[in-house]
Amino acid sequence: MPRAEANEVFDSLRRIVRHLRLAANASESAAGMSTAQLFVLSRLAEAKATSIRELAVRTMTDPSSVSVVVAKLEARGLVERTPDATDRRRALLSLTAAGKKLLAKAPELPQVRLLEAVEALPTARRRAIVSALSDLVTALGAEAAEPQFFFEDEPSRSRGSKTSSARKR
């Protein structure tokens, strides 16, 4: 019955991805920004970050992805960098008043719900999922793919992106 089990895996993955995509689209429409940007704001609301690397750990992604998102948030005046008083080589990342205001009005984020759902699982189930997904990543040869924010590298339909057929013309 490997085919039936594979079908169940596909269905589960499709449901999860669809749920995340629909929730992300709803969040983007409501807040006017990507869920990755909202997720970074939510992690900065917990406490200032002493570096992009620290913020990457808190957002469970890679520093290069976080850096791009922080730059967008800075450009919108939602995040600021201030020199660290104890180490001038570092800059503290924090929310501006505008960032706090926007976040207070933002809808619940799909990433936060996913994180809470995973954390609510019994330890043995979480470990089984980690093991199974790690095996799947290896079987796909996807180990080198950097873990970026969900859907952040995809153009948003609401921002007037062109379709691939339009680009070919």
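Treat the numbers as computed from the prediction; the structure is a model and nothing was measured. When a residue number appears, it is its place in the shown sequence, counting from 1.
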Sidechain-backbone polar pair: Ser29 side chain, Asn25 backbone, donor-acceptor under 3.5 Å: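 Yes, because the side chain of Ser29 sits within donor-acceptor range (under 3.5 Å) of the backbone of Asn25.
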Side-chain donor/acceptor of Ser67 to backbone N/O of Ser64, under 3.5 Å: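 Such a contact is absent between Ser67 side chain and Ser64 backbone.
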Steps toward side-chain contact (heavy atoms from CB on, under 4.5 Å) verdict (Leu102, Met33): CA-CA 10 Å; Leu102 187 144; Met33 68 173 40; 3.9 Å; yes
Enumerate, atom names and distances included, each donor-acceptor pair closer than 3.5 Å involving a side-chain atom of residues 43-52, sequence neighbours excluded.
unit_1 : atom_1 : unit_2 : atom_2 : d
Arg43  : NH1    : Glu46  : OE2    : 3.4
Thr50  : OG1    : Glu54  : OE1    : 2.5
Ser51  : OG     : Arg53  : N      : 3.4
Ser51  : OG     : Glu54  : N      : 3.0
Ser51  : OG     : Arg90  : NH2    : 3.4

Indicate yes or no: at least one non-hydrogen side-chain atom of [X] is less than 4.5 angstrom from one of [Y].
{"X": "Phe150", "Y": "Val17", "answer": "no"}
{"X": "Leu38", "Y": "Glu28", "answer": "no"}
{"X": "Val66", "Y": "Asp62", "answer": "no"}
{"X": "Thr123", "Y": "Arg127", "answer": "yes"}

Atom CZ of Arg126: over 12 foreign heavy atoms under 6.0 Å: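 More than 12 heavy atoms, drawn from other residues, nucleotides or ligands, come within 6.0 Å of this atom.
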Between [atom1] of [X] and [atom2] of [Y], what distance do you get to the nearest 0.5 Å?
{"X": "Phe39", "Y": "Arg58", "atom1": "CZ", "atom2": "CZ", "answer": "10.5 Å"}
{"X": "Phe149", "Y": "Met60", "atom1": "CZ", "atom2": "CE", "answer": "9.5 Å"}
{"X": "Gln37", "Y": "Ser34", "atom1": "CD", "atom2": "OG", "answer": "3.5 Å"}

Side-chain donor-acceptor pairs under 3.5 Å in residues 104-118, sequence neighbours left out?
unit_1 : atom_1 : unit_2 : atom_2 : d
Gln111 : NE2    : Thr35  : O      : 3.3
Gln111 : NE2    : Thr35  : OG1    : 3.3

Joint cluster assignment, Val40 & Leu103, ILVMFWY side-chain distance < 4.5 Å: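 Val40 clusters together with Leu103.
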Output a table of donor-acceptor pairs, distance under 3.5 Å, between side-chain atoms of residues 130-141 and any protein atom two or more places apart or on a different chain; print 'none' if there are none.
unit_1 : atom_1 : unit_2 : atom_2 : d
Ser134 : OG     : Val130 : O      : 2.9
Thr138 : OG1    : Ser134 : O      : 3.0

Enumerate donor-acceptor pairs with a distance under 3.5 Å from any side-chain N or O in residues 71-80 to protein atoms, sequence neighbours excluded.
unit_1 : atom_1 : unit_2 : atom_2 : d
Lys72  : NZ     : Glu152 : OE2    : 3.3
Glu74  : OE1    : Arg81  : NE     : 3.0
Glu74  : OE1    : Arg81  : NH2    : 3.2
Glu74  : OE2    : Arg81  : NE     : 3.0
Arg76  : NH1    : Gly32  : O      : 3.3

Side chain to side chain contact (heavy atoms under 4.5 Å, CB included) involving Val9 - partner list, sequence neighbours excluded: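 Expected list: Leu13.
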By side chain to side chain donor-acceptor pair (under 3.5 Å) - contacts of Arg18 (at least two apart):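 With neighbours one apart ignored, the set is empty.
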